[in-house]
Amino acid sequence: MIRNTATSSLRSPLPGSFYRDEDLFHRVKEEIFLPFWQFAYGPEPRLKALQTRPFTLLADYLDEPMLHTCDAEGVEHLFANVCSHRGTLLVQKAGSCRHIVCPYHGRRFSLEGQCQSQPGLGAVADFPRAEDHLHRPETASWGGLTFARVLPGISFEDWISPLLERVGFLPLETLVHMPERSHTYKVKANWALYVENYLEGLHIPFVHPALREALDLSAYPVETKGHTVLQIGLAKENQPAFDLPAGHPDQGKRIYAWYFWLFPNLMLNFYPWGLSLNLVLPVSPTKTRIQFFTYRFEGQEGGPHTHALHDTELEDESVVESVQKGVRSSLYKPGRLVPAWEDGVLHFHRLLVRHLGL
Ligand code: FES
Ligand SMILES: [Fe+2]
């Protein structure tokens with residue numbers, strides 16, 4: 001039993017064992033990742049009519065086989081890429097077709113997921129029934145980003161709403177993917193250590209020399225709301241900043257970036273040039289993959305200085321891997337957190353404790 005003593009002492013409620021425990025790693029998958037929203041795909045690839053595309057949601061952790069289709073009317077759908085008969089994978093590679101035909105026993109589905117026929121069944125009453133159609137996760141779209149939730153859980157509106165007052169004015173529907181500036185990183189550390197490091201700015205002056213030059217660290221606002229944490233990076237005078245509309249809650253501030261984290265594993269970093277979306281993908285209790293998707297707003301032809309994002313990422317990985325080695329020490333005990341600067345870490349730990357019932 002892990003006790004949450006954080007409210008009185010501002011100590012983390014998580015012990016060192018959390019970062020290497022196989023059972024907890026599995027419980028986090030079942031009780032947190034499956035019932036929370038996961039990023040499924042961005043503005044690209046956008047499918048054309050009669051195209052299908054299989055992919056795996058969180059390969060190596062959730063390993064959920066998904067099928068993205070676009071019907072004859074141009075409407076996109078997301079299904080489990082799993083036959084409703086005896087469960088074989090339906091589509092192996094992207095392509096074009098009018099129907100989906102199961103390679104095992106020939107059950108046929110429309111691109112809207114309707115089961116149409118089953119060889120050998122003949123004329124039987126009640127076929128197809130609701131359970132014969134393709135099963136689908138809950139899906140939601142926001143500004144060209146599509147999300148999926150595999151098991152019942154929080155509504156999309158509740159999950160995303162803290163972001164809207166800050167970034168609702170941005171032209172998110174114009175985001176353009178920059179594949180040449182999107183990368184995958186491998187980190188030898190537990191996924192939660194990577195998230196914790198993201199959630200505090202206290203390390204910036206020590207770990208990120210370039211960022212230290214860009215940000216005005218005389219203030220570093222942190223807001224915790226619902227299942228999100230917002231960190232606000234203020235720009236030094238010589239740095240670009242957002243043009244804020246009238247009535248914006250940050251009116252009067254020079255905003256370098258809004259750094260949003262959404263429980264459990266999504267980071268949305270909004271800059272004047274576009275969005276850096278970071279996905280934290282657990283692989284094992286001590287291994288994590290980080291996917292960076294870079295999008296620019298249409299018309300921002302100059303694009304981001306992503307070499308700076310890359311350098312910052314390597315600096316973060318180095319320190320997170322060092323923490324992974326440290327927290328396995330038998331003598332490690334969670335230390336006192338620094339109020340304001342580490343409120344995001346505390347919020348993350350409290351959400352973990354609440355959702356795991358620890
Ligand atoms: S598993 Fe698909 S038709 Fe049998
Ligand atoms: Fe960092």
Side-chain angles (χ1 to χ4, degrees), residues 52 54 65 67 69 79-92 97 99-111 113-122 124 127-129 131-135 183 185 187 189-217 220 222 229-234 256-261 265-269 271 276-280 288 290 292 305-324 337-338 341-345 348:
T52 59
L67 180 60
T69 73
F79 305 106
N81 186 18
V82 176
C83 183
S84 58
H85 176 221
R86 279 175 43 211
T88 198
L89 294 186
L90 287 167
V91 177
Q92 302 289 344
C97 58
H99 311 279
I100 301 156
V101 179
C102 176
Y104 198 178
H105 314 99
R107 184 171 283 207
R108 198 174 89 165
F109 304 89
S110 71
L111 296 182
Q114 301 290 313
C115 178
Q116 297 177 319
S117 62
Q118 170 70 62
L121 198 55
V124 290
F127 184 83
R129 290 188 286 217
E131 63 264 31
D132 296 315
H133 304 313
L134 291 183
H135 302 294
H183 303 285
Y185 300 92
V187 187
N190 184 275
W191 72 279
L193 288 181
Y194 187 90
V195 172
E196 287 170 19
N197 174 69
Y198 176 88
L199 288 176
E200 50 92 354
L202 190 60
H203 70 273
I204 292 173
F206 305 99
V207 175
H208 302 305
L211 205 49
R212 182 178 60 210
E213 294 309 310
L215 291 179
D216 171 7
L217 291 169
Y220 192 75
V222 178
V229 173
L230 165 64
Q231 298 170 90
I232 302 179
L234 301 176
Y256 180 86
W258 288 292
Y259 303 110
F260 275 104
W261 165 80
N265 64 323
L266 178 66
M267 292 130 184
L268 298 176
N269 308 297
Y271 300 93
S276 168
L277 183 155
N278 313 153
L279 263 185
V280 181
T288 304
I290 313 296
F292 272 42
H305 300 297
T306 45
H307 60 276
L309 297 182
H310 176 75
D311 290 349
T312 303
E313 172 60 19
L314 297 186
E315 290 157 3
D316 280 324
E317 286 180 15
S318 161
V319 75
V320 166
E321 290 182 352
S322 165
V323 175
Q324 180 73 46
L337 296 172
V338 177
W341 284 95
E342 291 181 299
D343 285 358
V345 178
F348 172 46

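For the numbers below, each heavy atom of this structure counts, side chains included, while hydrogens, waters and symmetry mates do not. Quantities reported herein were computed from a predicted structural model and do not represent experimental measurements. For ligands, and for the atoms within them, numbers begin at 1 and follow the listed sequence.
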Checklist entry - How open is the angle at the Fe ion (ligand 2) from atom NE2 of His203 over to atom NE2 of His208, rounded to 10 degrees? => result 100°
Checklist entry - Angle class for the Trp341/Tyr220 ring planes (parallel below 30°, perpendicular above 60°, tilted otherwise)? => result parallel
Next on the checklist: Restricting to N/O/S atoms, is His85 within less than 2.8 Å of atom 4 (Fe) of ligand 1 or not?
Outcome noted: yes
Next on the checklist: Rounded to the nearest 10°, what angle sits at atom 2 (Fe) of ligand 1 between SG of Cys102 and SG of Cys83?
Outcome noted: 110°
Item to check | Numbered atoms of ligand 1 (with element) below 4.0 Å of Tyr104, judged on heavy atoms | outcome: 1 (S)
Checklist entry - Which of the numbered atoms in ligand 1 are below 4.0 angstrom from a heavy atom of His105? => result 1 (S), 3 (S), 4 (Fe)
Checklist entry - Against heavy atoms of Arg107, which atoms of ligand 1 measure under 4.0 Å? => result 3 (S)
Checklist entry - Are the side chain of His133 and the backbone N or O of Cys115 linked by a donor-acceptor pair below 3.5 Å? => result yes
Item to check | Trace of the side chain to side chain donor-acceptor pair (under 3.5 Å) decision for His310 with His183 | outcome: CA-CA 9 Å; His310 176 75; His183 303 285; 5.4 Å; no
Item to check | Nearest atoms (heavy-atom pairs only) where Leu199 meets Phe348 | outcome: CD1-CB, 3.5 Å
Item to check | Rounded distance (nearest 0.5 Å) linking atom CH2 of Trp261 with atom CE of Met267 | outcome: 8.5 Å
Checklist outcome for this item: atom 1 (S) of ligand 1 has as its nearest protein heavy atom Arg86 N, 3.3 Å
Checklist entry - Out of curiosity, Asn269 CG to Gln231 CD, how far, rounded to the nearest 0.5 Å? => result 9.0 Å
Checklist entry - Counting backbone and side-chain atoms alike, does Asp316 have an N/O/S atom under 2.8 Å from the Fe ion (ligand 2)? => result yes
